[in-house]
Every structure is written in structure tokens, then in C-alpha cells.
*Asks:* 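Sharing a structure below in C-alpha cells format, with a few things to ask.
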Amino acid sequence: DSYDNQVYCVTQNVSPNVDLLHYSWTYFEAGSKDKAMSARESLVRWAQMMPKQPPVHVLNVSWKREGDPKKEEELADYYAIFGYNTFYMRTSHTLGGYPYEG
């Protein structure tokens, strides 16, 4: 199993009552970013076929500049209406998170 075949099993592996899907295969995507972006897009589309249409949140362990940030932004812009979002954990941690007091 890997990120590129698990997305097609989402309706079998996840409860139909799920409110949110987390995708966290980004560590294993190294060297195949085009394939990875296609897998993420497929996951969003499969999630929309589920009864509650849960949003997909990507927990990305890479830096935002790694991989294909332009394609990631295109996915986020296009699928934001369905709740798609990416959280770059390393970048966010390094930048100190959200400036709540600023």
C-alpha cells in the first residue's frame, strides 16, 4: 500500500459518517510529486462521493518550497470550496505559527 493506491479505497476504509479526512502520506511522496498531486486530487474527488462529503486536509511534513508548491496552490484554490487545505508542518513550526498577537 502507498499513497497512490489508498485514495481509491477511501469509501471502503473510512466510515461513511466521517467529518474530515486527513492525508498524511507526504513523507513517502519524495521523487514522485506529479503522481502525488494526482493522488491528492483523486482523494478529494472520492471524498465528495461519500455521504457527508468530508473535506480533505493534507498534513504535509515537507517545507512549502519543496515539491511543487504551485500545483499545491492550484489544488487548494480549486478545491477550497470543498474544504481542501494543506498544513505545512515544518514551515509553520519554523515561522512560529500564526501571529495571534500581531
Side-chain angles (χ1 to χ4, degrees):
D1 287 343
S2 72
Y3 68 89
D4 63 332
N5 66 5
Q6 281 293 309
V7 297
Y8 304 108
C9 302
V10 69
T11 57
Q12 291 83 16
N13 293 342
V14 178
S15 166
N17 297 319
V18 70
D19 293 318
L20 179 70
L21 289 176
H22 285 151
Y23 174 94
S24 57
W25 284 92
T26 59
Y27 179 79
F28 301 99
E29 294 175 349
S32 58
K33 290 297 178 182
D34 289 336
K35 192 174 184 182
M37 292 295 116
S38 294
R40 292 184 200 181
E41 185 169 15
S42 293
L43 180 59
V44 173
R45 291 170 175 254
W46 277 98
Q48 290 304 301
M49 290 188 272
M50 296 178 74
K52 293 178 88 175
Q53 297 178 312
V56 173
H57 288 187
V58 177
L59 303 175
N60 196 322
V61 297
S62 300
W63 295 97
K64 186 169 183 185
R65 65 184 177 272
E66 292 177 344
D68 191 352
K70 183 178 181 197
K71 179 63 175 173
E72 182 70 62
E73 289 174 15
E74 288 173 5
L75 280 176
D77 289 344
Y78 191 79
Y79 291 108
I81 191 169
F82 302 113
Y84 180 88
N85 196 7
T86 298
F87 174 69
Y88 286 89
M89 295 188 301
R90 291 171 69 187
T91 304
S92 298
H93 177 73
T94 301
L95 296 176
Y98 185 80
Y100 289 101
E101 297 176 8

*Asks:* Can you run down the salt bridge (Lys or Arg N to Asp or Glu O under 4.0 Å) pairs that involve residues 10-19, sequence neighbours left out, and say none if there aren't any?
*Replies:* Asp19-Lys52
*Asks:* What distance do Leu21 atom CG and Gln53 atom CD have between them, rounded to the nearest 0.5 Å?
*Replies:* 11.5 Å
*Asks:* Who pairs with Tyr84 by side chain to side chain donor-acceptor pair (under 3.5 Å), at least two apart in sequence or on another chain?
*Replies:* Glu72
*Asks:* Give me the atom names and distance for the closest heavy-atom approach of Leu20 to Val18.
*Replies:* O-CG2, 3.3 Å
*Asks:* Do Val56 and Arg40 touch side chain to side chain, with heavy atoms closer than 4.5 Å?
*Replies:* no
*Asks:* Could you grab the distance from atom CD of Glu41 to atom NZ of Lys71, nearest 0.5 Å is fine?
*Replies:* 5.5 Å
*Asks:* Considering residues at least two apart in sequence or located in another chain, which fulfil the side chain to side chain contact (heavy atoms under 4.5 Å, CB included) criterion with Phe82?
*Replies:* Gln48, Tyr79
*Asks:* Measure the NE2-CG distance between His22 and Asn85 for me, rounded to the nearest 0.5 Å.
*Replies:* 10.0 Å
